[in-house]
Amino acid sequence: MAGFFTWLWDWLLWMFWATEMDVAIVGLQNAGKTSLVRVLAGNEFTVDTVPTVAFNKREVKKGHVSIKCWDLGGQPRYRSMWERYCRGVNAILFVVDAADKDAIPVAREELHNLMDRPTLNAIPLLVLGNKSDLPNKLSVDELIDQLDLKSIVRREISCYGISAKEETNLEAVLQWLVARSGK
């Protein structure tokens with residue numbers, strides 16, 4: 001009987017106090033954006049993820065918060081679309097392959113180009129150094145330095161090391177998002 005009351009309470013919370021939020025997930029190709037969204041949505045990690053064409057939309061539920069995730073393609077031809085999908089979202093997640101040091105300069109340039117857009121001022125930014133399970137990955141401090149995050153202004157910024165494959169730090173990512181759902 002206790003299970004019924006728990007279900008009823010959860011249902012009432014969802015019906016009357018549910019919060020929805022939109023999140024744009026951007027980053028270079030092969031950073032692990034789609035894998036991250038799949039795992040956050042409760043699906044298993046797969047090695048053979050197909051590159052995203054334009055965008056995918058997935059919904060992730062965490063407590064009473066429904067998070068619409070716009071997973072945007074990271075190939076050069078899709079990067080000009082990022083701003084359009086980032087306008088008006090509650091948060092922007094920028095995913096970086098922390099083990100691909102050669103891609104960091106391009107990631108830094110694309111991130112700063114996006115953050116310089118006036119239409120995106122004040123939108124919180126969460127930078128995720130994915131693939132933290134791999135050897136020779138950059139630490140969070142190295143990511144902050146090499147992506148020059150301290151020079152980005154007009155918004156709240158956080159940076160976490162994660163692994164979509166090992167599900168490392170994903171609960172912290174969800175908590176960060178849920179904390180910004182009411183803003």
Side-chain angles (χ1 to χ4, degrees), residues 22-60 67-86 89-117 120 123-152 155 157-174 176-177:
D22 286 294
V23 174
I25 303 173
V26 296
L28 303 184
Q29 68 273 22
N30 300 316
K33 301 176 298 296
T34 301
S35 294
L36 171 64
V37 173
R38 282 183 50 77
V39 173
L40 288 176
N43 297 312
E44 289 187 16
F45 177 85
T46 58
V47 176
D48 57 351
T49 301
V50 176
T52 301
V53 175
F55 70 90
N56 290 318
K57 182 181 144 206
R58 297 284 300 255
E59 202 158 320
V60 175
I67 306 167
K68 281 187 254 166
C69 298
W70 297 92
D71 170 17
L72 306 177
Q75 298 88 342
R77 68 178 176 268
Y78 299 124
R79 295 175 195 164
S80 63
M81 297 177 6
W82 289 357
E83 179 189 10
R84 182 177 356 152
Y85 286 95
C86 288
V89 297
N90 298 85
I92 298 170
L93 272 62
F94 191 85
V95 182
V96 178
D97 180 342
D100 186 357
K101 295 176 183 171
D102 293 338
I104 296 296
V106 176
R108 177 180 56 242
E109 181 180 339
E110 293 295 343
L111 174 62
H112 284 267
N113 286 342
L114 187 63
M115 293 299 103
D116 286 343
R117 306 290 172 96
L120 306 181
I123 298 174
L125 171 67
L126 177 57
V127 175
L128 299 174
N130 192 23
K131 306 183 185 181
S132 66
D133 55 304
L134 297 179
N136 301 318
K137 86 285 190 184
L138 294 172
S139 69
V140 169
D141 288 339
E142 290 169 323
L143 278 173
I144 291 169
D145 182 50
Q146 292 193 26
L147 293 173
D148 195 19
L149 297 182
K150 291 180 181 176
S151 72
I152 298 174
R155 75 189 69 250
I157 301 176
S158 296
C159 183
Y160 297 161
I162 66 162
S163 170
K165 181 180 181 182
E166 302 292 328
E167 299 187 22
T168 306
N169 252 358
L170 299 189
E171 187 62 30
V173 170
L174 286 170
W176 188 94
L177 289 170

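Note that this is a predicted model, so its numbers are computed, not measured. The residues of the chain are indexed from 1 along the displayed sequence.
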When you look at I104 and E142, which way does the side-chain contact (heavy atoms from CB on, under 4.5 Å) test go after all the steps?
-> CA-CA 11 Å; I104 296 296; E142 290 169 323; over 6 Å; no
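- A91 approaches W176 most closely through the heavy-atom pair CB-CZ3, 3.7 Å.
- Applying the side-chain hydrogen bond (donor to acceptor under 3.5 Å, both in side chains) test to T168 and every residue at least two apart in sequence or in another chain returns nothing.
- Between the side chain of N130 and the backbone N or O of V95, no donor-acceptor pair lies under 3.5 Å.
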Evaluation steps, side-chain contact (heavy atoms from CB on, under 4.5 Å), between L170 and L36 = CA-CA 9 Å; L170 299 189; L36 171 64; 3.5 Å; yes
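- S163 pairs in a side chain to side chain contact (heavy atoms under 4.5 Å, CB included) with only one of the listed residues (L134, D133, N169), which is D133.
- Annotation: the span from M115 atom CE to L149 atom CG amounts to 10.5 Å, rounded to 0.5 Å.
- Closest approach of A99 and P135 over heavy atoms only: CB-O, 4.4 Å.
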Can V96 and L138 be said to form a side-chain contact (heavy atoms from CB on, under 4.5 Å), step by step?
-> CA-CA 10 Å; V96 178; L138 294 172; over 6 Å; no
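- Note that CH2 of W70 and CE of M81 are 10.5 Å apart. Values are rounded to the nearest 0.5 Å.
- Residues passing the side-chain hydrogen bond (donor to acceptor under 3.5 Å, both in side chains) test with R117 are E83, sequence neighbours excluded.
- A search for side-chain hydrogen bond (donor to acceptor under 3.5 Å, both in side chains) contacts involving D97 returns K131, not counting sequence neighbours.
- Contact detail for G129 and L143: the closest heavy-atom pair is CA-CD1, 3.4 Å.
- I123 CD1 to C86 SG: the interatomic distance, rounded to the nearest 0.5 Å, is 7.0 Å.
- In this structure V140 satisfies the side-chain contact (heavy atoms from CB on, under 4.5 Å) test together with I144, C159, sequence neighbours excluded.
- Between the side chain of K101 and the main chain of N136, a donor-acceptor pair closer than 3.5 Å is present.
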For the pair I152 and L111, evaluate side-chain contact (heavy atoms from CB on, under 4.5 Å) and give the outcome as yes or no after the intermediate values.
-> CA-CA 9 Å; I152 298 174; L111 174 62; 4.0 Å; yes
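- The aromatic rings of F94 and W82 sit perpendicular, their planes meeting at an angle over 60°, well past the 30° parallel limit.
- Remark: D100 engages no residue in a side-chain hydrogen bond (donor to acceptor under 3.5 Å, both in side chains) (not counting sequence neighbours).
- For the pair V23/V89, no side-chain contact is recorded, criterion being any heavy-atom separation below 4.5 Å from C-beta on.
- Between the side chain of R155 and the main chain of L120, a donor-acceptor pair closer than 3.5 Å is present.
- Taking CG of L125 as the start and CD1 of I92 as the end, the distance is 6.5 Å to the nearest 0.5 Å.
- Heavy atoms only, all atoms of each residue included: A24 and Y85 are closest at CB-O, 3.9 Å.
- Under the side-chain contact (heavy atoms from CB on, under 4.5 Å) criterion, D148 pairs with R108, H112, S151, sequence neighbours left out.
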